[in-house]
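All remarks here apply to the structure that follows.
Lettering of chains follows the sequences in order, A, B, ..., and the numbering in each one begins at 1. Atom set for the values below is all heavy atoms of this structure, side chains included, hydrogens, waters and symmetry mates excluded.
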2 protein chains.
Amino acid sequence: MTSVLVVDDDSYLLRALRITLQAHGYDVATAADGRSALLAAQQHPPGLVILDLGLPDMDGAAVIRKLRTWSRVPVLVLSARHGSQDKVDALDAGADDYLTKPFGLEELLARLRALLRRSADTDQPAAIMTDAFTVDLGKHRVTRDGQDIRLTPTEWKMLEVLVRNPEKLVTQQQLLSEVWGPAYAKETNYLRVYMAQLRRKLEPEAATPRHLITEAGIGYRFQP
Amino acid sequence: MTSVLVVDDDSYLLRALRITLQAHGYDVATAADGRSALLAAQQHPPGLVILDLGLPDMDGAAVIRKLRTWSRVPVLVLSARHGSQDKVDALDAGADDYLTKPFGLEELLARLRALLRRSADTDQPAAIMTDAFTVDLGKHRVTRDGQDIRLTPTEWKMLEVLVRNPEKLVTQQQLLSEVWGPAYAKETNYLRVYMAQLRRKLEPEAATPRHLITEAGIGYRFQP
DNA sequence: GGGGATCTTGACGAATCCCTGACGCAGCGC
DNA sequence: GCGCTGCGTCAGGGATTCGTCAAGATCCCC
């Protein structure tokens, strides 16, 4: 879920944006002035910032410049001012888009999607690490001591399901139906065979697994 | 010098934009309809596209979608229409910004700078190098030991898809649908044939590839 | 229309992977 | 102690998949 930081001193607009954005599946944080906005962005780095220029404590462009000293998060500026110079200032300070009030919510959402699409190119999907091996879901790759580990398609699928649910218990039925299909829900044999292969390839001591843990009678669990 | 492709059927506006952009140090190419715009973008890939929606031959959103099938160049849309739906359509088709006429030149230039600044982050270096060969995506050229390597169109497309996703695993379906089209998702034969040709032309030892790596049962990976 | 490059298609060993059954072991209830 | 269940291990046969080659089919430029 993408997190959006909305910065505006108009509490009414703030609430309206929060509701709309949450309804569209975004995770929303808010701030009412420049100082708290910068603080919030630092403590919980958002995936995107919506920034009103008319803040009580700081100039909008100054907020952007401050933010840009350490973050490249996409910034969409809102403003009541139509003046061309305001737009130029904000954009050159580091903003990515500029929308003048009043604006349509549909347009705001579309511009948001465009910005996020762009930034998704650079954002690396985080790799999950343990002290023994690293799983990079984006690159579809597993490394151990810097060395690539060759996994067969089935091994990978199984590892993927487990890694996507870190620390959570994945039932045997869930694993079987996600890897082999719903029709194989009874073939718990498969799990034992492939789990053993995974452990041989990934665990330092396959006999005493520390990251690929079996919960007897129920399923398996991935421990980062 | 950044090159900008301006697409507009209004020859007056086209000339005005050309003069303004050139005065600001951009290298300008122009096109008057969708078909020639796509052709121009393919033959001389620009660093940015300014696209008027009101083209005589194609729907604007369609032009963007076509372009997006093989290019991620930033697209700034111009339009006389203020309707929110037009903006949403264009942005969701893959545009990065939308400006309604009449617009201030200063604002256009500022938005242009913002887009170029953003794309500078993602732009891959013009040439991707390995210790065996070099791929220049912009110039559409592959060299090895300083010598140009002749690739057939299909070979190039396949190499391009792989090189655009360095280190990432590209699935067979992804490769097939990007090179041959979605209807060919089953023809894994093609991949084997062309991958062999690529390796013969690019790998020092085609028998033990180090840069064009196959992941059995899943796909292929380019290793810089 | 001719000739060359390029793209499809089929076939073949070789390598790899998936499934299967058998066996031993540990934990548990009786 | 004994049977039962669930788990880990192993090895081999059958099925896929891969790399390779070569023969048409097709396209395109002259």
Below 4.0 Å: OP1/OP2 of C:dC19 and any side-chain N or O of A:Y184: no
Intermediate values then yes/no, side chain to side chain donor-acceptor pair (under 3.5 Å), A:S3 and A:Y26: CA-CA 6 Å; A:S3 63; A:Y26 297 101; over 6 Å; no
Parallel, tilted or perpendicular: rings of A:F133 and A:H211 (30°, 60°): perpendicular
Whole-Å gap separating P (D:dT17) and CZ (B:R192): 9 Å
Given C:dT8, D:dG8, C:dT16, the nucleotide with the shortest approach to the side chain of A:T214: D:dG8
Verdict with supporting geometry, B:D136 and B:R141, salt bridge (charged side-chain N to carboxylate O under 4.0 Å, His left out): CA-CA 5 Å; B:D136 190 327; B:R141 173 182 270 185; over 6 Å; no
Side chain to side chain contact (heavy atoms under 4.5 Å, CB included) between B:L191 and B:W180, worked out: CA-CA 10 Å; B:L191 296 181; B:W180 283 271; 4.0 Å; yes
D:dG8 OP1/OP2 closer than 4.0 Å to side-chain N/O of A:R200: no
Separation of C:dC19 P from A:L191 CG (nearest whole Å): 11 Å
Spacing between B:E215 atom CD and D:dG19 atom P, to the nearest angstrom: 11 Å
Length of the CG-P vector between A:L176 and C:dC18, whole Å: 15 Å
Separation of D:dG8 P from A:E205 CD (nearest whole Å): 16 Å
Sugar-phosphate, base or nothing in reach of B:Q172, heavy atoms under 4.0 Å: sugar-phosphate
Side-chain N or O of A:Y194 closer than 4.0 Å to phosphate OP1/OP2 of C:dC18: yes
Along DNA chain C (nearest heavy atom to each residue), the more 5'-positioned of A:L151 and A:Y190: A:L151
A:Y190 and A:Y184 aromatic ring geometry - parallel, tilted or perpendicular at 30°/60° bounds: tilted
Side chain of B:A196 - closest among D:dC10, C:dC18, D:dT20: D:dT20
Short side-chain N/O contact from B:T154 to OP1 or OP2 of C:dT6, under 4.0 Å: no
B:W180 side-chain N/O to C:dT8 phosphate OP1/OP2 under 4.0 Å: yes
Phosphate contact (D:dG8 OP1 or OP2) by A:Y220 side-chain N/O below 4.0 Å: yes
Phosphate OP1/OP2 of D:dG8: any A:R199 side-chain N/O under 4.0 Å: yes
Interatomic distance, B:K157 NZ vs C:dT6 P [rounded to whole Å]: 14 Å
A:N189 or A:T152, whichever maps to the more 5' nucleotide of DNA chain C: A:T152
Nearest-Å distance for atom pair CG/P, residues A:L212 and D:dT9: 12 Å
Steps toward salt bridge (charged side-chain N to carboxylate O under 4.0 Å, His left out) verdict (A:D96, B:R113): CA-CA 9 Å; A:D96 292 287; B:R113 286 193 293 273; over 6 Å; no
Sugar-phosphate, base or nothing in reach of B:T188, heavy atoms under 4.0 Å: nothing
Nucleotide C:dG4, atom P - distance to CZ of B:R150 in whole Å: 15 Å
